[in-house]
Amino acid sequence: MADFEVPVLREYPIIPKLKEGTMAHSSPFVAKPIIQEPLGFPGELLDNWKEVAIEKMGELCGKYRSLQVYLDSCVKCGACTDKCHYYLGTTDPKNMPVARQDLLRKVYRRYFTFAGKYFPKLVGAADLTEEVLDDWYSYFHQCSQCRRCSVFCPYGIDTAEISMAAREIMDAVGKGQKYCNEIIGKVYKIGNNLGLPEPALRDTLEGIEEDVEDDTGVKVRYPLDVKGADVLLVTPSADFFAEPHVDGLIGYGKVFHEAGISWTFSSKASEAANFGMFIGSYENMRRVSMRIREAALELGVKRIVFGECGHAWRVAYSFLNTLAGPFDFLDPRYPVPQHICEVTNGLIKEGKLKFDKSLNDDMKLTFHDSCNVARASRMGDKPGGQFVIPREIIKSCCNYFYDMPADTIHESTYCCGGGGGLLTDDLMELRVKGAMPRMQALKTVVEEHGVTNLVAICAICKSQFAKTLPYYGFDMNSIVSLHQLVSNAIILSDAPKDDDENDDDGDDA
Amino acid sequence: MSLVTGLYVVLFYAATVLLVVGLAFRIKKYASTPAPLKIPTTPAPTTQSGVVLRLFREVVFFESLFKSNKWIWLFGYLFHFGMLLVLLRHLRYFTDPVWTWVALMQPFGKYASFAMLAGLLGLWARRFLVDRVRYISAPSDHLMLALLVGIAITGMGMTFVAHTDIVMVKAFFLGLMRFSPQPLPTDLLLLAHLGMVVALMIVFPISKLLHAPGVFFSPSRNQVDNPREKRHLAPWAARLESGEQR
Ligand code: HEM
Ligand code: HEM
Ligand code: SF4
Ligand code: SF4
């Protein structure tokens, strides 16, 4: 199936011995000028790229305390070396978080520190050369910015911050990544990552309404651009048609329908994803975020809710207020923004949603904590709510739920292998290898509990798993959306009651 | 004043100035560089007092390191807290009269040197034995450990093998503090010990020893998790927003 070696899943996970250079050949397609320029980046590698890169590095150190402190503080203790799924899956030492940081740090030391200027060999400082730039391009696109290393570093050094800075420097010298930058361009031009224009979106939603009605006998609405709706739902565009994403979107609609909440999508902000974060560009991240503010104002909504997406939730939860706030024009009784899981779980707790759990009895489930939800944001009002709330929802609508091993979930969760702007076919080898630790953990619960399905609340995770599960001998359809489970089991009170009564739906009110 | 005494007087004054000015400069840089986005590694505290507690656990227990790797934690902990006790014991050279608690903890400080040395040797062994740590080690990482091992061994040599004239040492340092230099004993162990201490002081603000102030400024550890409740805006981002030139 593959022209590379797929890692083997073992009886127990191990820390592999390092093998130098195994992933040196992996790098994504470089963006063409036509993709670079709309984002405000040079089209091609500048002639004076070295000077520009060094200058940009200095500028970023002055703008981001994280970068400055992290570049200085690492003691090379090695605690993070076995924490990255890309290291575990590829055994390439440059995929150890500290070694990845060092690719940037060695240049920082050379040009910005006393020791690096006068004793470069001693402190491992190095000149910025073409080879170094190639290494940057390769290995800073082998980091999914998942922050797992940051959890385990004694100073919280977050390699994601370093990767973002490195990508920003590369954009500034004209060496951008095609996948991310092309997508950001589409958002500016059309409104979403997939380039779905308004008529196509309307069509798709009408189709979904018909399908749901055929299926349930209930006219559940999937509205677009409805002025005066209470809730603006912003969701990753994959939700509009890809499997299993769309089954989750159907679930959102049923939840709002059953709870009697008026809501709408926006054709202007028809995308929750914000790839500006992946390329570390505050300006682009802000520009992408502003569409949501504008859509909320134009539609006159009272609340903003985000659908199932990991990095989008990070940008929404942690950054939106900063980038596009203040949101004082929205209803102050609700946090801005809210996660769809917060909404659904809140309604379940209020007793407004009822489920027939047996409708999910064909599945035994486990839950994949998405990195950006787990380690870069929160749900609910208590720390760790991001772990509790999705699991509570699953348990409200399913009978069979089993967690994967403790060191692979919650804050220690392993990335799906496709986050951080790496979900592109030109990085397939990396994605498959990076999925290994998650697959290893999945294998454990498959063997112990007969788990059949993996639940996720992130569009990137879902797409990535649909692609990579088969490499490890699992069914590509075993990845499901969380709101797909909700959708399967929810009892719509206005459904025509043709045959037998609903049986007991549990005591989860 | 002998040549040796004169040399050490100059070295200590110079090293102190470099250490204090260098650190102050660095800390000022960390403090004045904005963190434009909320990036605490979650789950994170939702209150300022929660953050204080989180940092306390990081500094006092090396909490994240404990989660991460028990060997590094063990060696790192032995080293740092051994060193802390040793340094507290050293306060007797700089205080007159010696504070009671410093006097009382003398035996602990004395034997803590074994913990410190054991920790350092354990950490150093990892740099040779664990392939991942070997890969990330630069010569300076070995040198730093060598320097600290050197300081520990010469110090322990004086404590347990060949005593130096403690009274004279104390007079020398009190003299330095009062700007009236006194003679320093000239046994080699002491001169080596102090020479290496000077080196440590000089490299502190220009090396990875910046992790000590750094841990307090790490946004992933020191930020409150409240982005939805409170708008966080860096000055340069505010300027960007209002359309001004950066
Ligand atoms: C706020 C105070 C400090 C904290 C919280 C702290 C914490 C840590 C931690 C967690 C490590 C990584 C684990 C290890 O290798 O031990 C470390 C390493 C290290 N620390 Fe500190 N430290 C502090 C102060 C100092 C000071 C004052 C020194 C200097 C004399 C120092 C010297 C070192 C060295 C040399 C290493 C690297 C050890 C190696 O090579 O593996 N630390 N520190
Ligand atoms: C100006 C600073 C310092 C002075 C004047 C100094 C002086 C001394 C003296 C005189 C002793 C012998 C004690 C005895 O005979 O009982 C000693 C021991 C020792 N020193 Fe230092 N020292 C200094 C800094 C340091 C530093 C920064 C470290 C560690 C990083 C260190 C580590 C040790 C150790 C481990 C011992 C042996 C255990 C003990 O007696 O506490 N010293 N030092
Ligand atoms: S855990 Fe942190 S300090 Fe230790 S090597 Fe990794 S990045 Fe550096
Ligand atoms: S952020 Fe994630 S992908 Fe990047 S180095 Fe750290 S653990 Fe690896």
Side-chain angles (χ1 to χ4, degrees), chain A residues 17-18 61-66 68-70 72-83 93 96 98-99 102 113-115 121-124 147 150-158 161 282-283 286 317-319 321-322 325-326 335-337 374-378 381-384 386 411, chain B residues 26 29-30 33-39 41-46 50 58 62-65 67-69 72-73 76 123 126-127 130-133 135-141 143 203 206-211 214-215 217-221 225 227-234 236-237 240-241:
Chain A
K17 287 258 166 277
L18 50 87
C61 283
K63 281 166 86 176
Y64 291 90
R65 182 190 298 160
S66 52
Q68 178 64 61
V69 171
Y70 296 161
D72 278 349
S73 298
C74 174
V75 297
K76 313 293 170 77
C77 70
C80 61
T81 51
D82 57 349
K83 300 299 185 282
M96 300 189 294
V98 43
D102 274 353
T113 70
F114 176 85
K121 285 257 162 49
L122 188 70
V123 294
R147 315 190 88 200
S150 163
V151 170
F152 292 101
C153 170
Y155 323 113
I157 294 178
D158 182 2
E161 292 291 308
Y282 192 99
E283 288 82 354
R286 176 159 188 274
Y317 173 87
S318 296
F319 307 158
N321 198 6
T322 296
V336 182
R375 290 185 281 259
S377 65
R378 174 159 54 99
D381 48 16
K382 281 190 220 52
Q386 65 270 39
E411 67 172 356
Chain B
R26 225 52 210 165
K29 172 143 205 187
Y30 295 160
T33 306
L37 293 166
K38 280 280 190 169
I39 59 165
T41 316
T42 59
T46 52
E58 286 297 357
F62 295 3
E63 183 184 38
S64 298
L65 187 61
K67 282 190 238 170
S68 183
N69 188 311
I72 308 179
W73 181 86
L123 290 169
R126 286 182 59 81
R127 294 212 182 273
V130 181
D131 63 346
R132 287 167 286 124
V133 188
Y135 181 88
I136 59 171
S137 300
S140 56
D141 299 310
L143 268 183
V203 298
I206 54 167
S207 70
K208 66 178 186 177
L209 297 184
L210 286 171
H211 69 282
V215 61
F217 289 96
S218 169
S220 51
R221 292 290 184 267
D225 174 19
R228 288 195 291 195
E229 291 77 21
K230 203 160 165 273
R231 186 156 188 245
H232 175 88
L233 196 66
W236 64 258
L240 179 88
E241 223 164 75

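This structure is a prediction, so every number in the text was calculated from the model and none was measured. Note on naming: letters A, B, ... go to the chains in the order of the sequence lines (proteins, then strands), and numbering restarts at 1 for each one.
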- Nearest heavy-atom approach of B:T41 to A:V151 is CG2-CG2, 3.6 Å
- Task: Search all heavy atoms of B:I39 against all heavy atoms of A:R147 and return the closest pair with its distance.
- Result: O-NH2, 2.6 Å
- Message: Using a 4.5 angstrom heavy-atom cutoff, name the option from A:G124, A:P93, A:C80 with the most pairs to chain B.
- Response: A:P93
- Message: Looking at every non-hydrogen atom in both residues, tell me the closest pair between B:R132 and A:D82 and how far apart they are.
- Response: NH1-CB, 3.5 Å
- chain A: which of B:A35, B:G214, B:P36 shares the most heavy-atom pairs with it under 4.5 Å? B:P36
- In Å, rounded to the nearest 0.5 Å, how long is the span from NE2 of B:H211 to NZ of A:K76? 13.5 Å
- Task: Examine distances only and state if a side-chain atom of B:T33 and a backbone atom of A:K63 form a donor-acceptor pair shorter than 3.5 Å.
- Result: no
- Note on the structure: Note: A:P154 and B:S64 closest approach over all heavy atoms is CA-CB, 4.1 Å
- Query: Is a donor on one side and an acceptor on the other found under 3.5 Å between the side chain of B:S218 and the backbone of A:Y155?
  - Reply: yes
- Message: Does any backbone or side-chain atom of A:T322 lie under 4.5 Å from a heavy atom of chain B? Answer side chain, backbone, both or neither.
- Response: both
- Message: Keeping B:T42 on the side-chain end and A:A374 on the backbone end, is there a donor-acceptor pair under 3.5 Å?
- Response: yes
- Item | Donor-acceptor contact below 3.5 Å, side chain A:R378 vs main chain B:P43 | no
- Query: If every non-hydrogen atom of B:R221 is compared with every non-hydrogen atom of A:C153, which pair is closest and at what distance?
  - Reply: NH2-O, 3.1 Å
- Query: For A:A115, is it the side chain, the backbone, both or neither that has a heavy atom under 4.5 Å from a heavy atom of chain B?
  - Reply: side chain
- Query: With no hydrogens and no angle check, is any side-chain donor or acceptor of B:S68 less than 3.5 Å from a backbone partner on A:A79?
  - Reply: yes
- Of the listed A:G78, A:G325, A:G384, the one with the largest count of heavy-atom pairs under 4.5 Å with chain B is A:G325
- Engaged part of A:V75 at the chain B interface, taking heavy atoms whose separation is under 4.5 Å: both
- Message: Tell me whether A:R65 contacts the main-chain N or O of B:Y30 through its side chain, where contact means a donor paired with an acceptor under 3.5 Å.
- Response: yes
- Query: Does A:L18 offer a backbone N or O that forms a donor-acceptor pair with the side chain of B:D131 under 3.5 Å?
  - Reply: yes
- Note on the structure: Greatest number of non-hydrogen atom pairs under 4.5 angstrom with chain A, of B:I136, B:I72, B:N69, falls to B:I136
- Query: Side chain, backbone, both or neither: which part of B:K29 has a non-hydrogen atom closer than 4.5 Å to chain A?
  - Reply: side chain
- Message: Does any backbone or side-chain atom of A:Y282 lie under 4.5 Å from a heavy atom of chain B? Answer side chain, backbone, both or neither.
- Response: side chain
- Under 4.5 Å heavy-atom distance to chain B, tell me which part of A:K382 shows up: side chain, backbone, both or neither. neither
- Item | Closest-packed option against chain A by number of heavy-atom pairs under 4.5 Å, given B:P139, B:A138, B:G76 | B:P139
- Query: Which answer fits B:Y135, side chain, backbone, both or neither, if we ask what part of it has an atom under 4.5 Å from a heavy atom of chain A?
  - Reply: side chain
- Task: Locate the shortest heavy-atom distance separating B:L240 from A:R286; write the atom from each residue and the value.
- Result: CD2-CD, 4.2 Å
- Query: chain A heavy atoms under 4.5 Å from B:L143: which part of the residue, side chain, backbone, both or neither?
  - Reply: side chain
- With a 4.5 angstrom heavy-atom cut-off, could you sort out which part of A:C77 is near chain B: side chain, backbone, both or neither? both
- Is it the backbone or the side chain of A:Y317 that comes under 4.5 Å from a heavy atom of chain B, or both, or neither? both
- Task: Output the distance between atom CG (B:L210) and atom CD (A:Q68), rounded to the nearest 0.5 Å.
- Result: 9.5 Å
- Are B:P219 and A:Y70 close enough that some pair of their side-chain heavy atoms sits under 4.5 Å apart? yes
- One option among A:V98, A:V123, A:D72 has the most heavy-atom pairs under 4.5 Å with chain B, and it is A:D72
- Any donor-acceptor pair under 3.5 Å linking the side chain of B:S220 with the backbone of A:G156? yes
